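Treat the numbers as computed from the prediction; the structure is a model and nothing was measured. Worth knowing before you read on, the calculation uses all heavy atoms, side chains too, and leaves out hydrogens, waters and symmetry mates.
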Amino acid sequence: TLFRSQYFKCDHQRSVFLYLSSLNASCDITTYPCGSYNDYRNGKCSSCEAFQPLTCPTLGYRAEKWKDYFKNHTVIKAFFDTAKKEPFCMFHYMLDIISWNKSIRRGYIIIKLMTKDRKS
């Protein structure tokens, strides 16, 4: 499939490895329902409020958690990214910075991502 001068390829053989990877409970592949791939890539589909109290749906073995939601929706487009090798899961971060003072031209911001046990 062609998306604005980039090729997007679906590898059906890889799907077997993604499913098998989902059996490992340490890392889920999160899917993000979205109207278009372009919106997904631009970070417009990061909200999972519609699935509360659950998170966004995950790919694979534990997808049945969302079956009640999906029964009421006939077609749902969902997108996700995977790493090149196992574990295939990836973590998504979204940072939105709004600068109110447009006259400042220089400076820097340091962002440090940390785990729950405060390790960077």
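Screening residues 80-90 for salt bridge (Lys or Arg N to Asp or Glu O under 4.0 Å), with sequence neighbours left out, gives Arg41-Asp81. Residue pairs meeting the side-chain hydrogen bond (donor to acceptor under 3.5 Å, both in side chains) criterion with at least one member in residues 46-58: none, sequence neighbours excluded.
Residues Cys56 and Thr31 approach most closely at CB-O, 3.2 Å, considering heavy atoms. In terms of heavy-atom proximity, Asn24 sits nearest to Arg62 at O-NH2, 3.6 Å. Nearest heavy atom pair, residue Phe70 against residue Pro57, reads CZ-CG, 3.6 Å.
Between the CD1 atom of Ile109 and the CG atom of Leu95 there is a distance of 7.0 Å, given to the nearest 0.5 Å.
Annotation: ring-ring contact (aromatic ring centres under 6.0 Å, His included) contacts of Phe80 (sequence neighbours excluded): none. Take Tyr93 and apply the side chain to side chain contact (heavy atoms under 4.5 Å, CB included) test, not counting sequence neighbours, and it matches Phe91, Leu113. For Cys34, the side chain to side chain contact (heavy atoms under 4.5 Å, CB included) partners at least two apart in sequence or on another chain are Asp39, Tyr40, Cys45, Phe79. Residues that satisfy the salt bridge (charged side-chain N to carboxylate O under 4.0 Å, His left out) test with Lys67, not counting sequence neighbours, are absent from this structure. Among residues two or more places apart in sequence or in another chain, the side chain to side chain contact (heavy atoms under 4.5 Å, CB included) test is passed with Asp117 by Thr115, Lys119. The ring-ring contact (aromatic ring centres under 6.0 Å, His included) search around Tyr69 returns Phe51, His73, not counting sequence neighbours.
Follow the hydrophobic side-chain contacts under 4.5 Å out from Phe88 and you never reach Leu23; the two are in separate clusters. Under the 4.5 Å side-chain contact rule for hydrophobic residues, Tyr32 and Met90 do not share a cluster. No continuous path of ILVMFWY side-chain contacts below 4.5 Å connects Leu59 to Tyr61, so the two sit in separate hydrophobic clusters.
Formation of a donor-acceptor pair under 3.5 Å by the Ser21 side chain with backbone atoms of Pro87 is not found in this model.
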